[in-house]
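To start, the structure under review is shown below, and the notes come after it.
Just so it is clear: chains get the letters A, B, ... in the order the sequence lines come, proteins before strands, and each one is counted from 1. What you see below is based on every heavy atom in this structure, not just the backbone, and it leaves out hydrogens, waters and symmetry mates.
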Amino acid sequence: MKFSISIYISALALLLLSCDDRNTATLAPDYLYDAGNQAVIKSIINNKKGTISMLYGNDLALQTAHDSLLKPNDGAHYTMVTWKQKPMPHWYGTNMNGEIYSIEHLKVVQRNDTQLAFDYEFQAGKGYQPGDDQPEKEQRIKLITSQRAAVFP
Amino acid sequence: MKKPGLTFYKSAAVVLTLIFVGLQISSPDIENPPVTSEISVPAEVKQILERACYDCHSNEVKVEWFDKIAPASFLVAHDVKEGRSRFNFSEWDKNPPSVQELLLWEMVNAIEQEKMPLKLYQVAHTGGKVSASELAVLKQYVNKLPGRHKIDTARIVAKNASHQQIAPSKTPVALNGIPYSADYKNWKIISITDKFDGGSMRVVYGNDMMVKAIKDHQLPFPDGARVVKVVWGKQAEDKDGNVLPGNFQNAQFMIKDSKKYSKTEGWGFARFDGLDLKPAGKTVLFEQTCTNCHRMFAPQSDFVFNIPTK
């Protein structure tokens, strides 16, 4: 009798403890993007499209982003990485980046003595669906090159 | 072996009774200090909080007869003391408005993640549970708080000369000794977020050890791993739906050292506010507020929220 009571008590204790489960999260390194030696210009949220992006740039691109006139620099490289948004697990009230949706590369090159040109390339990521429209190139170039750098301390 | 005789059981019963009676005499009483500034929320929200949360998070604690019997009474007294110390609906104005909103979001999460009300309380008290439809009422409420759609309309302040000239001797240092350091700018990004309370957007950096641990699926994270989160306000959405960062708000650090920071789950926490990078908090107790929330919601990922997960 005493024995069965102690089993009952420990079962109850186990039951209460097991409710406090600490399932370990499954890490998803494929959502990371390595921008190499490019640094952060700024992040951009788009709730209409359900995406969240990061604009990176090399030193020349950052120079432009810090210039009050946003004068383009020959040799500037930009990378805009866009992820699908997803709700943050375990916290209602934050959206975060999920699967990579697209990667856009933009290079500013000298076409001739007086004119700069833009090399733009769009790469679909895993989150990109075959039916999705590709963004309009000129619009994207304008968006990317018109961004001022976020203020850092 | 000789079986214990009747006298053994008798004396054991006497001893247990004495302990039980002794416990009752030393049993703590729950006092209700005056209500100084009660939370003001719509009636349908208030009613849920009063029924399910006030018994530990207010100065209007109602104690049931069985809660007064030791040893239960000790547990109840402990929970009330702890609960009130975290936040108190009867002394609500002690929290600045932004903290009040954050707490309300945290409450929604505590209920959704089934951390609150405490399990034992739910078992012992009818009405101790919050139903799915009540949780929906609370969610609807927090989504209407002013911070939810807050837009940073102020002119964007860049670093000026006085900010830039932080001499090495003037490096801001958090009250627990963690210094500010800008090397995170060369680290990799591990996450980008849009946070609903307070209207902010964030970029989270991880140092090489942190990124390697994520790639190697290594949890808990190794000593030496570091995470820095940079927070900005949100500007108004443009016609294409783009929302851009506004003013810099703060930078938050987490540094893993399981021995040095064993009291705060192995992480050293620090926050530096504004372009002046003013260390957060008035006393070193600030780090408890950080740990309390990270401990409650992110134990499955070594207390870090912002990691890529499937």
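Although no hydrogens or angles enter the test, the distance criterion places no donor-acceptor pair under 3.5 Å between the side chain of B/S200 and the main chain of B/G233. Between the A/H77 side chain and the A/N58 main chain, no donor and acceptor come within less than 3.5 Å of each other. When atom types are taken as modelled, the side chain of A/N73 and the backbone of A/L60 share a donor-acceptor pair closer than 3.5 angstrom. When atom types are taken as modelled, the side chain of A/D119 and the backbone of A/K107 share no donor-acceptor pair closer than 3.5 angstrom. Side-chain atoms of A/K42 never come within 3.5 Å of backbone atoms of A/L55 as a donor-acceptor pair (strictly under, hydrogens ignored).
With a 4.5 angstrom heavy-atom cutoff, A/Q147 touches chain B only via side-chain atoms. There is no contact between A/N37 and chain B, counting heavy-atom distances below 4.5 Å. With a 4.5 Å cut-off on non-hydrogen atoms, B/E106 touches chain A through its backbone and its side chain both. For chain B, the nearby part of A/L32 is the side chain; its heavy atoms alone come within less than 4.5 Å. For a residue to count as touching a neighbouring chain, one of its non-hydrogen atoms must lie under 4.5 Å from one of that chain's; by this rule B/Y180 touches chain A with the side chain only.
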* Residue pair B/K150, B/D152: steps toward the salt bridge (charged side-chain N to carboxylate O under 4.0 Å, His left out) verdict -> CA-CA 7 Å; B/K150 191 165 156 197; B/D152 183 1; over 6 Å; no
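Contact count versus chain B (heavy atoms, under 4.5 Å) is highest, among A/Y33, A/W83, A/Y56, A/W91, for A/W91. Ranked by heavy-atom pairs shorter than 4.5 Å toward chain A, the options B/N109, B/D197, B/T193 are led by B/N109. Counting heavy-atom pairs under 4.5 Å between each of B/K139, B/Q235, B/K215 and chain A puts B/K139 at the top. Residue with the most contacts toward chain A among B/V108, B/I192, B/I214: B/I192 (heavy-atom pairs, distance under 4.5 Å). Of the listed residues (B/D240, B/V142, B/V204, B/D302), the one with the most heavy-atom contacts under 4.5 Å to chain A is B/D240. Taking B/E112, B/M201, B/R148 one by one and counting their heavy-atom pairs under 4.5 Å with chain A, the maximum is reached by B/M201.
Atom CD1 of residue B/I190 and atom OH of residue B/Y205 lie 11.5 Å apart, to the nearest 0.5 angstrom.
With a 6.0 Å radius and a threshold of 12 heavy atoms from other residues, nucleotides or ligands, B/D208 has its CG atom at or below the threshold.
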